[in-house]
S.K.: 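I have a structure I would like to understand better, so I am pasting it below and will then ask my questions one at a time.
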2 protein chains.
Amino acid sequence: MTERPNGHRPTLEDVARRAGVSKSTVSRVINGEPKVRAAVADRVRQAVAALGYVPNQAARSLVTRRSNAVAVVVTEPQNRLFVDPYFDCHLRGIRQELVRRGAQPVLLFIEDPDDYPRVGTFLGGGHVDGALLFSLRTDDPLPAMVAHMDLPAVFGGRPAGGSGHRGRGYASVDADNRGGAREAVRHLVSLGRRRIGTITGPLDQTSAADRLDGYRDVLLDAPAELVAEGDFTLRGGADAMAALLDRCPDLDAVFVASDLMASGALRVLRERGRRVPEDVAVVGFDDLVAIAEATEPPLTTVRQDIEDMGRLMARLLFERASDEPASRDGRPAPSSVVTPTRLVVRASA
Amino acid sequence: MTERPNGHRPTLEDVARRAGVSKSTVSRVINGEPKVRAAVADRVRQAVAALGYVPNQAARSLVTRRSNAVAVVVTEPQNRLFVDPYFDCHLRGIRQELVRRGAQPVLLFIEDPDDYPRVGTFLGGGHVDGALLFSLRTDDPLPAMVAHMDLPAVFGGRPAGGSGHRGRGYASVDADNRGGAREAVRHLVSLGRRRIGTITGPLDQTSAADRLDGYRDVLLDAPAELVAEGDFTLRGGADAMAALLDRCPDLDAVFVASDLMASGALRVLRERGRRVPEDVAVVGFDDLVAIAEATEPPLTTVRQDIEDMGRLMARLLFERASDEPASRDGRPAPSSVVTPTRLVVRASA
DNA sequence: ATGAAAGCGCTAACAA
DNA sequence: TTGTTAGCGCTTTCAT
């Protein structure tokens, strides 16, 4: 068992005394600095182990101004989060890259407007060296908050308000939603479909809005009844599909803005006796293989490499955080990257 | 825009100077202490706003020894986490209670053995005032780690190693898994079933082991072929059901250790042409209504109030953290609570 | 290679 | 009611 003479946690000083050296030396050993004699370093490490010493991060970050932690802030009702494999992928990529660079990822949820001030204080308080922010709605106060306290941050998805509208804009990683949607709809057109509907995500999210824009780019004069707003859930996709079918019984194709919604749509199509793709062709978005390959029929969909986008976000954050506003050749580091998408054709269209 | 003369973030001292008062006074205002003249407090608040001042938490916790954050540590491959509504419920309860008491919940994942040291350092470093820990396997090093650095902690589920085996044991909140399982199996017996199988969770988790014990309490001489180990996933439940059916074609009932697995089992039963409950009666565990009411037929299951268990964990943590080892009447605060379960009868058994 | 000393930004006695 | 002072535990010059 660990020895702990008095009641409180051991400090650097305790370790130093026990090892018969100075605090500086202990600090050096702990931080892996080379200039310490091996024998001394060993004595120190023994003392550390014997005392069960763990550095006090508060004291440490007070002087270093770093915490080695990075916040991942998710603004999303929890229930959606825990049901949509999309986040899982994203987080896997983020985690991987963060950990690789020695940072501890800490996840924060915002589920309620009341949460903003508390989370803002947390972010601004030096608990983390940077933040990765998600799912920003048009009215999300987070971008302004982090800008205001100049915390390095990278957004997942294009923040609402237009790219680069504030100063030089935010750093962000976003898929080419609009281009991907265009490709999906063009594919449907090339199949000879003429009554092509779309099921959108919540239009206060930029990804949903951008995908709708892509649809409209191709179908310039699509009537309003061909557009149904969903909410990125399976059930929302099903409901939207039902509404679409009611309004336009002659529908022969539908572009659905997420795979999860698409699987809901497929269910409704089946229930209503429409064959896919013979009667109605379906294209999804995301290419979450767990979903897209499991549907009946397998889903033709727009692929975005979500995991890689996560890694990219983390990488971008480190570039920003390491005070590297311009690379050595003078060009500013890219602050906003749009990753490509591509159509994966399976059986549904 | 916020004024910020020089490059660095404003400190208490900057605010004090600007408001023409001392640091102490600013500190008082910020921490809402009453003994400050309203006029002065206002001047301070104005200075805070003008400077965009956010207290440096590192400095603050260095002296207060508190961080106002609580870690929720989930030891689970992410993919399971993000697919099982069980965690969603638990987290909702935890979050609610934590926030109510002014603590910021921060979520940490452990997905890889490599993560333990890093997370351990984080937990021990004073980033958080306490930890809520989940899904402990028999070989999980976390209990020992937190004990070693005496961080207030509460476990979700009975930690492996027996209750109270180390000193006075850990604080934990667990459902009456064994009792619930007994009730489920007795119900099956009372229905006249004679060949009752069970699909367990991974037996290195105490909840799974306890439920199996409950099954055996009632069916003392159940042969091994009636027991199939699953993994708490839908697919695992389906596979186990298939195995069970292969081994025991005369099976007339099955107790499944989770609703998610039960829904997988129901699917297999249907595919194999077994009617539920006529041919095979099924009882689940959890009563996640999103699942149990949605299956065909609706699932008879053992209810545990997961959300409330989450709240309870948070409450217990605060009791521990507030250095309240014994209540005022001298009795030690309860450190390990087992919450009741009860059978909810629907159509599957 | 090691130690002494200063100070990070804040809170908490204690004085006034 | 307000200000002064002394650290909290660590890293980091600067000496040695």
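Lettering of chains follows the sequences in order, A, B, ..., and the numbering in each one begins at 1. Note that this is a predicted model, so its numbers are computed, not measured.
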S.K.: Taking salt bridge (charged side-chain N to carboxylate O under 4.0 Å, His left out) as the criterion, tell me which of Arg320(A), Arg66(A), Arg65(A) meets it with Asp129(A).
M.R.: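 Exactly one pass, corresponding to Arg66(A).
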
S.K.: Using a cut-off of less than 4.0 Å, is there contact between a side-chain N or O of Asn56(A) and OP1 or OP2 of dC8(D)?
M.R.: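 For dC8(D), OP1/OP2 do not have a side-chain N/O of Asn56(A) under 4.0 Å.
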
S.K.: Would you jot down, in residue-number order, the residues of residues 59-69 of chain B having a non-hydrogen atom under 4.0 Å from DNA chain D?
M.R.: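 Of all residues in residues 59-69 of chain B, the ones placing a heavy atom under 4.0 Å from DNA chain D are Leu62(B), Val63(B), Arg65(B).
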
S.K.: Classify the angle between the aromatic ring planes of Phe87(A) and Phe134(A) as parallel (below 30°), tilted (30 to 60°) or perpendicular (above 60°).
M.R.: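 Phe87(A) vs Phe134(A) ring planes: perpendicular.
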
S.K.: Rounded to the nearest 0.5 Å, what separation is found between the CE atom of Met313(A) and the CG atom of Asp308(A)?
M.R.: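 Met313(A) CE to Asp308(A) CG: 12.5 Å, rounded to 0.5 Å.
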
S.K.: Quickly work out the Leu12(A) CG to dA5(C) C1' distance and round it to whole Å.
M.R.: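 Atom CG in Leu12(A) sits about 15 Å away from atom C1' in dA5(C).
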
S.K.: Reading DNA chain C from 5' onward, which residue's closest nucleotide shows up sooner: Gln57(B) or Ser24(A)?
M.R.: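 On the 5' side of the pair lies Ser24(A).
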
S.K.: Search all heavy atoms of Ala58(A) against all heavy atoms of Ser61(B) and return the closest pair with its distance.
M.R.: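 Reported closest heavy-atom pair: CB-OG, 3.9 Å.
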
S.K.: State whether the side chain of Ser336(B) and the backbone N or O of Ala171(B) hold a donor-acceptor pair below 3.5 Å, judged by distance alone.
M.R.: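 Not confirmed, Ser336(B) side chain does not pair with Ala171(B) backbone.
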
S.K.: Between dT11(C), dT2(D), dT2(C), which nucleotide has the shortest distance from any of its atoms to the side chain of Thr25(B)?
M.R.: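 Of all the options, the side chain of Thr25(B) is nearest to dT2(D).
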
S.K.: Distance check needed: dT11(C) C1' versus Lys23(B) NZ, whole Å only.
M.R.: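 Going from NZ in Lys23(B) over to C1' in dT11(C) covers 9 Å.
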
S.K.: Checking contacts here: which listed nucleotide (dC10(D), dG3(C), dG3(D)) is nearest the side-chain heavy atoms of Arg28(B)?
M.R.: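 Shortest atom-to-atom distance from the side chain points to dG3(D).
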
S.K.: Once you apply a heavy-atom cut-off of 4.0 Å, does Thr11(B) come out as touching a base, just sugar-phosphate, or nothing?
M.R.: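 Since only primed, P, OP1 and OP2 atoms lie under 4.0 Å of Thr11(B), the category is sugar-phosphate.
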
S.K.: Expressed in angstrom and rounded to an integer, what is the separation of Ile30(A) atom CD1 from dT11(D) atom C1'?
M.R.: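 Rounded to whole Å, this separation is 11 Å.
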
S.K.: Is the shortest side-chain N/O distance from Ser27(B) to OP1 or OP2 of dC10(C) below 4.0 Å?
M.R.: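 The answer is no; no side-chain N or O of Ser27(B) sits under 4.0 Å from OP1 or OP2.
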
S.K.: Is there a donor-acceptor contact under 3.5 Å from the side chain of Ser67(A) to the main chain of His127(A)?
M.R.: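 Yes, because the side chain of Ser67(A) sits within donor-acceptor range (under 3.5 Å) of the backbone of His127(A).
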
S.K.: Check DNA chain C against residues 32-45 of chain A and give the residues with a non-hydrogen atom under 4.0 Å, in numerical order.
M.R.: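 Heavy-atom cutoff 4.0 Å gives Lys35(A), Val36(A), Arg37(A), Val40(A).
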
S.K.: How many Å lie between CG on Asn31(B) and P on dG9(C), as a whole number?
M.R.: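 Roughly 17 Å, once rounded to whole Å.
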
S.K.: Picking from Val21(B), Val40(B), Val36(B), what satisfies side-chain contact (heavy atoms from CB on, under 4.5 Å) with Val26(B)?
M.R.: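 Among Val21(B), Val40(B), Val36(B), the one meeting side-chain contact (heavy atoms from CB on, under 4.5 Å) with Val26(B) is Val21(B).
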
S.K.: Can you measure Glu13(A) atom CD to dC10(D) atom P for me and round it to whole angstrom units?
M.R.: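 One finds 9 Å between P of dC10(D) and CD of Glu13(A), rounded.
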
S.K.: Measure the shortest side-chain to side-chain distance between Asp140(A) and Ile110(A) over non-hydrogen atoms and say whether it is less than 4.5 angstrom.
M.R.: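 Of all side-chain heavy-atom pairs linking Ile110(A) with Asp140(A), none is under 4.5 Å.
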
S.K.: Please report the interatomic distance OG(Ser24(B)) to CG(Leu12(B)), rounded to the nearest 0.5 Å.
M.R.: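 If we round to the nearest 0.5 Å, Ser24(B):OG and Leu12(B):CG are 9.0 Å apart.
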
